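Input: a single structure, listed below in structure tokens.
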Amino acid sequence: MSSISSPDTADHKPAALQRTPLFALHVRLGARMVPFAGYEMPVQYPPGILKEHLHTRSAAGLFDVSHMGQIALRPRSGSRRDAARALESLVPIDVLGLAEGRQRYAFFTNKSGGILDDLMVANRGDHLHLIVNAACKAADEMHLRERLSATCLIEPLRDRALLALQGPEAEAVLAQLAPAASAMRFMDVRTLPIAGIDCEVSRSGYTGEDGFEISVPASRAEDLARALLQNPLVAPIGLGARDSLRLEAGLCLYGSDIDTGTTPVEAGLAWAMQKCRRAGGERQGGFPGSDVILEQLAHGTPRRRVGLRPIERAPVRGGVQLYRDDTDPTPIGAVTSGGFGPSAQAAVAMGYVAQPCASLGTRLFADVRGKRMPVETCDMPFVLHRYKRA
Amino acid sequence: MLKFTQDHEWLRVDGNVATVGITGHAQEQLGDLVFVELPAPGMTFQQGNAAAVVESVKAASDVYAPISGTVLEINQAIVDEPGVVNADPMGKGWFFKLKIADTSQIVGLMDEAAYQQMIG
């Protein structure tokens, strides 16, 4: 059979892969390590992707996401508002209006309105804390230095690890070690001592479940992970399940579902752009590609990201072309992410389709191994989000 | 007689019929299977042709015909419940039975000891 000697089983690994502070723990836990965004990361542990996925949705999963970039943006003036204003020149997001102790989803745009990276921005009082994708972090850092150095100090937090605790039991688990975690709601950010370790905690994640992301000094990351894993409700979860969880939650993966060739409007991310940055808003435009993006907000886009439900059981994966019927030779779109959703108990996918085909319930055909398989456009998420908003 | 291919298929030969599946090592590397596509009975394959498809949560892989032959029977149970392949790859998780076209091809395949040595 094919693809059994995938990169994760190859004897020789590409040189210069980095390791997170939890590498030794992953190996001891029996993880299968694979190269990912320049790091050796756990793709799965002995129970396997399916069980890890379901465990996260029923109890709590612990993810090592230390490969992601953490950057502190500090205003030279000492006024946090100056850093917020500066960052607003790179993102179509209301950063100035973000309250202290709150976090928000954002993306860096380029001058054609494409997405350079998506990120989280937290207001930490005297500075902004950014969390960016691993594969983009060097470019993001350079982008920030080139564009914001006059007003801000850009400080990559290389000595910090990042853990995510996700699932319906995440609050109960964390509250045992840090009772104040229970008082946090979705997108709150707090400094919390957890098992005696000073951590920066946000109530957020990438699974669609309630949960927390915990920034911790690298030197204490393993202690924190061990403290959390001591709870029998917590299992370590690899990148494989992280991907199937985020796909079911309808969340974009940078590099697959969004990139420099897709705009936030096409990607269905207009919800993240607050009124004050849109046409007629107090601080309208003023970010790279604002002409393109504001025009698209007003008049729509020729294509749009949609959910796709294969009618048959075969998974429909990223890269698969989509057609209007089972004979037309011209594709009207393509799948960007797809696979089997263990909680949805069905094949699930997302992709971009031409606008006339984007309305819900449109029957399209996916070319899977030369066969045209029926799929239907649908709303996302595939599994309801369970964020703690109240 | 039990034989193995370099591509991690096994076949059990009984007269002029070979039962084909994937090895324990293969299912372990793939992880939990979520989809299996089998050929229709009556289809004919040359040795090394893609004859079936397996998909795990992560990826799709082809399963090759280990020898040339015609499909006599398929195991619908693994289509209905792909996890059977993970649970019992060499037994209940068989894929299809082939009417052997050329018995001389079997000689070129590995025995169990050689296969075990190959996967290490």
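Each chain gets a letter, A, B and so on, in the order its sequence line appears, and its residues count up from 1. Every value quoted in this text rests on a predicted model; they were computed, and no experiment measured them.
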Any ion pair linking [Y] and [X] (charged N to carboxylate O, less than 4.0 Å)?
X: A:R363; Y: A:D326; result: no
X: A:R309; Y: A:E376; result: no
X: B:E37; Y: A:K371; result: yes

side-chain contact (heavy atoms from CB on, under 4.5 Å) partner of A:V375, chosen from A:V353, A:L308, A:V335: A:L308
Qualifying residue for side-chain contact (heavy atoms from CB on, under 4.5 Å) with A:Y352, from A:T336, A:V306, A:I332: A:T336
Region of A:R313 in contact with chain B, defined by heavy-atom distances below 4.5 Å: both
Atom group of A:P47 that falls short of 4.5 Å from chain B, counting heavy atoms: backbone
Contact class of B:S56 relative to chain A, heavy atoms under 4.5 angstrom: backbone
Nearest heavy-atom neighbours spanning A:I237 and A:G61: CG1-CA, 3.4 Å
Partner chain A: residue of B:N86, B:V34, B:V63 with the largest heavy-atom pair count (under 4.5 Å): B:V34
For A:H67, all residues meeting ring pair (Phe, Tyr, Trp, His ring centres under 6.0 Å), sequence neighbours excluded: A:F36
Neighbours of chain A found in residues 92-120 of chain B - heavy atoms under 4.5 Å: none
Heavy-atom contacts under 4.5 Å, residues 44-54 of chain B to chain A: B:V53, B:V54
Test: A:R372 cationic atom under 6.0 Å from A:Y323 six-membered ring centre, within 45° of axis: yes
Residues that B:N75 engages under side-chain hydrogen bond (donor to acceptor under 3.5 Å, both in side chains), provided they are two or more places apart: none
pair A:E248-A:P342: side-chain heavy atoms closer than 4.5 Å: yes
Spacing of CG belonging to A:D257 relative to CG belonging to A:L251, to within rounding of 0.5 Å: 9.5 Å
